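Heads up: the structure comes next, in structure tokens.
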Amino acid sequence: MPTLWSQTLIPTLRQDPADAEVPSHRLMLRAGLIRQLGSGLYTYLPLGWRAMHKTIEIVREEMNAAGAAEVLMPALEPIELFADTKRDVEYGENLFRLTDRHGRHAALAPTHEEIITELMAAYVESYRQLPLNLYQIQTKYRDEFRPRFGVLRSREFIMKDAYSFDLTVEGLDTSYRAMYDAYCRIFDRCGLTYEIVEAESGPIGGSASHEFMVLCNTGEDTILKSDKGNYAANIDKCAIGPRKWTFDAPPTGDLEKVHTPDCASIEAVGKFMKVKPKHLLKTLIYSTDNGPVIAVVRGDHDVNEGKLKAACGFAVTLDDEACANRYPIGFVGPHLAAARDELNIVVDCDAAQDQFWASGANEIDHHVKHFNWKRDVLDHIDESRIKVADIRKAADGDPSPIGDGGVLREHRGIEVGHVFKLGTKYSDAMGFTVLDEDQKRRSVIMGCYGIGLGRIVAAAIEIGHDADGIIWPASIAPYSVHIVPIKYEGELCKTCLSLAEQLEAAGMDVLIDDRPERPGVKFNDADLIGCPIRLTIGEKGLAQNSVEFKRRADGKAKAELVKLDQVVRRCQEALDI
RNA sequence: CGGGGUGUAGCUCAGCUUGGUAGAGCGCGUCGUUCGGGACGACGAGGUCGCAGGUUCAAAUCCUGUCACCCCGACCA
């Protein structure tokens with residue numbers, strides 16, 4: 001049965017909602033797809049929920065085709081499960097916590113690694129039961145510090161999360177690849193253009209991971225992509241190609257101390273000393289299990305803690321308060337290592353260069369000019385205490401790490417999917433082992449794979465809209481055909497219903513605008529909600545035994561007159577079905 | 001969490017400085033005229049002005065508190 005506009009709820013808005021900033025949020029509100037209930041909380045209205053349903057169906061089909069089995073786990077979970085893997089601490093404030101009437105502590109699940117591992121540990125005891133991949137489509141909860149951009153960053157959202165279980169690393173590779181490929185098919189089918197980038201795995205933990213990013217300016221994530229097209233990574237992960245460095249440069253002058261009061265930032269110091277940030281050394285003190293480490297990057301660069309950790313071989317934390325007692329935080333220079341034996345030092349390649357340097361003077365309210373690596377540091381410490389490495393965040397213009405001569409360019413993206421190789425983090429923490437062929441107990445190797453369903457819908461709108469409204473990809477449009485009768489009565493009405501019946505018999509879903517509105521209102525609403533095909537039924541056309549056929553993607557182009565008996569075929573053609 | 005801003009009708013907003021019993025446009029209802037890209041006219045419905053205290057003869061307006069929402073920022077010395 002076709003949907004009659006009058007029998008559903010499509011509250012289109014003429015004016016832009018005041019609180020919506022990005023196009024997808026604005027259009028989802030205006031086209032009557034969603035309604036905000038509170039910060040980061042949205043109701044999906046009929047149109048939005050239909051688009052979501054189609055998205056979910058695509059995801060489900062591809063997951064099933066990839067050999068995964070669907071389950072449904074509780075959203076509410078005992079906090080103890082999180083404590084087992086210490087994620088109650090690692091996830092921190094982002095975890096929604098609550099207490100029940102008995103005083104039991106619980107959490108609203110932001111992801112389900114612990115729950116699925118508990119489940120699997122209970123039922124899977126033999127390698128013969130592996131490999132397995134289970135997934136669910138569930139509402140997730142994250143107490144975001146700042147929900148924004150509509151459903152793109154909300155506190156409650158629908159996610160598909162899958163978990164794979166293998167006995168061997170090779171098995172994990174196969175499972176990972178299967179998900180990776182399934183994700184490509186899913187996003188292709190959803191009509192998205194996307195980039196696959198190397199990514200950090202974050203608090204989920206794990207060893208390798210890729211993110212599926214829809215590139216658009218309103219995206220919250222920053223990615224870097226080689227202009228040669230064969231490397232792309234999240235900025236948190238992105239490696240930088242080989243760079244030359246040296247500590248052997250001659251001094252640019254005598255070390256000169258400058259009084260720099262009230263200069264709390266690189267910018268302020270630079271301004272005060274009339275030195276560009278790229279001539280300043282940014283010197284940070286991190287604590288590690290192996291003692292404190294000085295990290296040095298150029299003033300206009302940022303430390304990447306993941307890279308620093310890799311360079312040190314130990315987890316690093318920046319602990320200002322602890323350090324403030326021992327070091328002149330804010331005015332530290334690399335030569336502090338010469339005076340303090342406990343400090344090791346890691347320098348980014350771009351900070352180990354032959355040029356004029358200014359840095360902290362290791363004295364409150366003072367900096368120095370003409371800092372020289374050899375004279376002020378290398379000549380005073382054992383070589384083993386200093387190391388040069390890639391420890392900063394990559395930036396636009398950096399060389400691609402592939403070494404193909406490519407240059408990294410910065411883009412913004414919406415993360416719609418993420419695949420991780422988890423390894424045995426969860427199985428170890430929760431004692432999930434199986435017996436192998438040799439009757440030895442082995443930790444199960446896991447992978448996890450997420451897709452933000454609401455983000456697919458929003459991203460599709462983000463890259464598919466014009467000044468008049470949404471332009472849906474056919475696969476996830478709420479309806480494939482939108483019939484607009486000039487008047488919903490008599491012969492016109494009959495034609496609408498008969499066309500709708502034929503279209504639906506041919507596998508299309510149909511919305512009929514049966515409202516007693518003026519045509520202009522209906523046309524504008526049709527453009528706004530953006531179904532791929534609009535059929536206009538009017539007396540003029542009917543006199544020629546025809547209706548007007550128009551694709552939303554064609555914008556203001558003139559409609560095409562199509563004979564009644566050709567309509568179904570023309571629609572199928574246009575929808576590519 | 002820090003900073004800024006906003007809460008008045010379903011939506012977008014005015015009124016607040018200088019207290020006097022609440023307005024516009026859109027939307028909604030009835031009637032009429034219209035009727036192929038957001039029609040026009042008439043009449044009408046709709047708001048305890050976020051909430052709680054306080055000041056005052058009188059509070060949307062002033063004061064205090066509180067809640068909600070939005071924006072910017074948030075280890076980068």
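Please read all numbers here as calculations on a predicted model, not as lab measurements. Chain letters run A, B, ... following the sequence lines, proteins first, then strands; residues in each count from 1.
Taking atom NZ of A:K522 as the reference point, atom C1' of B:rA39 lies 15 Å away to the nearest angstrom. One can place CD of A:Q15 at 9 Å from P of B:rG27, the figure rounded to the nearest angstrom.
Using a 4.0 Å heavy-atom cutoff across all strands shown, A:P11 reaches no nucleic acid atom at all. As judged by a 4.0 angstrom heavy-atom cut-off over every strand, A:R392 is placed among residues making no nucleic acid contact.
For A:R14, the side-chain atoms get nearest to B:rG38 when compared with the rest of B:rU12, B:rG38, B:rC69. Among the nucleotides B:rC70, B:rC13, B:rC11, the one closest to the side chain of A:Q36 is B:rC70.
The two residues A:P46 and A:T8 make their nearest non-hydrogen contact at CB-OG1, 3.4 Å.
Every residue meeting the salt bridge (charged side-chain N to carboxylate O under 4.0 Å, His left out) condition with A:E220, not counting sequence neighbours, appears here in chain and number order: A:R148, A:R153.
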Decide ring pair (Phe, Tyr, Trp, His ring centres under 6.0 Å) for A:F371 and A:W357; before the verdict, give the C-alpha distance in whole Å, the side-chain angles of both, and the deciding distance to 0.1 Å.
CA-CA 5 Å; A:F371 169 86; A:W357 288 114; 7.8 Å; no
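Contact check for A:R298 versus A:D348: no side-chain heavy atoms found under the 4.5 Å cut-off.
Legend: ring-ring contact (aromatic ring centres under 6.0 Å, His included) pairs involving residues 522-548 of chain A, not counting sequence neighbours: none detected.
Pairing partner, B:rU30: B:rA42, with both Watson-Crick or wobble hydrogen-bond distances short of 3.5 Å.
A sub-4.0 Å separation between OP1 or OP2 of B:rA68 and a side-chain N or O of A:S39 is absent.
For A:R50 and A:Y479, the positive end sits near the middle of the six-membered ring, less than 6.0 Å away and at most 45° from its axis.
Applying a 4.0 Å cut-off to non-hydrogen atoms, none of the residues of residues 232-240 of chain A approaches RNA chain B. The stretch residues 293-310 of chain A touches RNA chain B through A:D302, A:E305, each having a heavy atom within less than 4.0 Å of the strand.
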Using nucleotides 43-45 of chain B, report all nitrogen or oxygen pairs with the protein that are shorter than 3.5 Å.
none

Determine, for nucleotides 30-37 of chain B in 5'-to-3' order, which nucleotides have protein heavy atoms under 4.0 Å from the base (write B), from only the sugar-phosphate (write S), or from neither (write -).
----BSBB
